[in-house]
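Beneath this line is the structure, given in structure tokens, with notes to follow.
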Amino acid sequence: MDINLLLKNNAEKIKKLIKKYDLTQTESKIIFNGIIEHLIFQNDLNDPNEQHPIIIQNIKASSGFSYFVESLLNIDFEEIAKINFNNVLLNSMQVMKTLGFLFHKYSHCLRILILPNNKIDDKCSKILFPSLQENKMLSLLDLSNNCISNEGIAFSELFFIDNRLTNIVLFDNNLVGPIGTYSLCSFLRNNQKINIELLDLGYNGITKEGVNHLVNYIKNNRNKITTLYLGGNYICDDGLEILSSIFTRENKNVEVDLKNIVNTNNSRENNDTSNMNNSNILNNTNNKDLNNTVSSNVKNNNSLINNNNSNSANNNSSFVDNNNKITFLDIQNNNLTKKSCNYINKIILANNTEITNLILSNNDLGNDCIIKVLSSIKVNNKLLSLDLSETKIDEKVVKYLAEILDEDCVLEKLLLSKNNLRKACVHIKNLLIKKTNIKYLKLTSCKIEDSFNLIFKGLADNNMLQILDLSNNNFSLRQELFKDIIDDLSTNNTLSKLKLNETNIDDFAIEYISKGLESNSGLREIYLKKNYLTKKAVSMILKSIENNSIISKIELGGNDEISNKLIQDVEKVLQNKKELASELNSDLDMSILDSNKKYDDELKD
């Protein structure tokens, strides 16, 4: 079926429906353009395998919107594989019922359903999940940032009971809680055909009881979860101990003396989180009080659940080796303290661990704990990405990193943001000078001021780092700190992205940076947002890249003295240079750019 012709023939009918049901002019324009024109112009309509999407974002749903979706039911699309309704506020029963008919109609082909930021509550869930019951094709379900509690999760049984192909389930930032976690795991356990590889339960008020139910599911079933997001909950040290039981004992062939890893420190970090107010969990979820959504009968059931599963995390160990497939683990912002150190090391050193990405950020772990963790990572040598942002560490950890990392260590991505690294610049320089595999280093909001120039000195001898983010640091503007940057940037040809947003730099600093860019043959993108730059700085940058066809992006937004028109002019200059290089069949080495694609999401503002 020619979908282009079909839409053309029905366009007037759709317009009449919009007028008949009194959608506002703005809504009409957004809806009509967002659905019809997107289908027509942004897809290869000659490709029968192309997923024709319906995408509507950032409008307020009304009764008119409900009737408009109803009008789509009168059009026989051959296939709708993706529906994305983001921030449309679908918390109306009438709207949800109409959408339910749409989801049911295309249950034979709908593969991707994205419904975040819509205030979908338990009542709407009662309509939503049954409408998906006959869908055996769905591969991605995104219900993040809604208001679904354990009662809403209970209705998902109708969907999960016989679904075969759901690979990604995003429930983050709802009100799932420990009871909802139990219900979800029960439904997944009862369906041996389920194939979930990514499960996101972040910011859901999950405590150690919820972790216990999740661990029980992973241990006892043909679990295929490789990516697990639990950040922003309240699992605490006790919950992490339960989670670590997924992993078997440490490899006996590996001997690591964790007690003597850390040299005796005169001062140790204070860990005050033991008295943290339990109400913080409700702030993490950004939703109403969880207890208000729990009915009395569910509470009674939860008591039974806890009794039946209290020892589940310690039993069934025979299942662990076969079922643990987790490679990505997010446990950020979970009120972990240094008491969790042994559990983190257990996860890393287990002889069945496959963890390659570990997020520990926003936990009060401190120097000693992180140094022990790094020692385990060195021994395990599987970790590719490590996030230690806001973990209460300082220069001692960076010094230790510079000592233990080498070219044999596979770690590629290291995030150290929001720690006090004011005195760590010399150790960062030493880390950059060494032969390591670090390709992405993030040092935002680290109180780096007078010694930032040492980091650039490290770049001069570095041939591996591709992305460096120094944003949100207050650089000192003394001339002696900038004079060597020219040579440092000139000799480094592997760094492709440099972020210097909100670093206090002005035209004086740009004079040195731009001279360094003149002979640089690697840097492709430079970010200079929210600084103190003027037209003079823009002129110096453009002059420096006249003969440099490598640079393709310069971000200058947020500088008060630089107008939007000037920013657009800079973008045009860069676009023209890019087109010219293409026309001349430039032999530019694009390998660095290609290898950086996997890190692009981390660089988005």
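Predicted model, so just to flag it, every value in this text is computed and none were measured. Worth knowing before you read on, the calculation uses all heavy atoms, side chains too, and leaves out hydrogens, waters and symmetry mates.
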Exercise. Quick check: does any side chain N or O of N362 sit under 3.5 Å from a backbone N or O of G232, one acting as donor and the other as acceptor?
Worked result: no
Problem set entry | Check: L336 main-chain N/O paired with N363 side-chain donor or acceptor under 3.5 Å | yes
For this session: Side-chain contact test, heavy atoms from C-beta onward, threshold under 4.5 Å: evaluate it for L443 versus L421 and give yes or no.
Result: yes
Problem set entry | Basic-acidic side-chain contact under 4.0 Å: K224, E197 | no
For this session: Output yes when K483 and D488 qualify as a salt bridge under the 4.0 Å nitrogen-oxygen rule, no when they do not.
Result: no
Exercise. Are the aromatic ring centres of F482 and F475 under 6.0 angstrom apart?
Worked result: no
Exercise. When the aromatic ring centroids of Y203 and Y234 are compared, is their separation below 6.0 Å?
Worked result: no
Problem set entry | Reported NZ-to-CD distance for the pair K439 and E412, which is rounded to 0.5 angstrom | 3.5 Å
Exercise. With sequence neighbours left out, what residues match D507 under side chain to side chain donor-acceptor pair (under 3.5 Å)?
Worked result: T534
Pairs of donor and acceptor atoms involving the side chains of residues 562-569, under 3.5 Å and at least two apart or interchain, shall be tabulated with distances.
from	atom 1	to	atom 2	distance (Å)
S563	OG	L566	N	3.2
K565	NZ	D569	OD2	3.4

Exercise. Are D406 and K378 close enough, and set up right, to give a salt bridge (charged side-chain N to carboxylate O under 4.0 Å, His left out), and what steps lead you there?
Worked result: CA-CA 10 Å; D406 52 35; K378 172 69 173 177; 2.8 Å; yes
For this session: Kindly state each residue pair satisfying salt bridge (charged side-chain N to carboxylate O under 4.0 Å, His left out) with at least one member in residues 448-464, sequence neighbours excluded.
Result: R422-E449, D450-R478, K457-D484
Problem set entry | NZ (K208) with more than 12 external heavy atoms under 6.0 Å | no
Problem set entry | Face-on cation placement of K499 at Y527 ring, 6.0 Å and 45° thresholds | yes
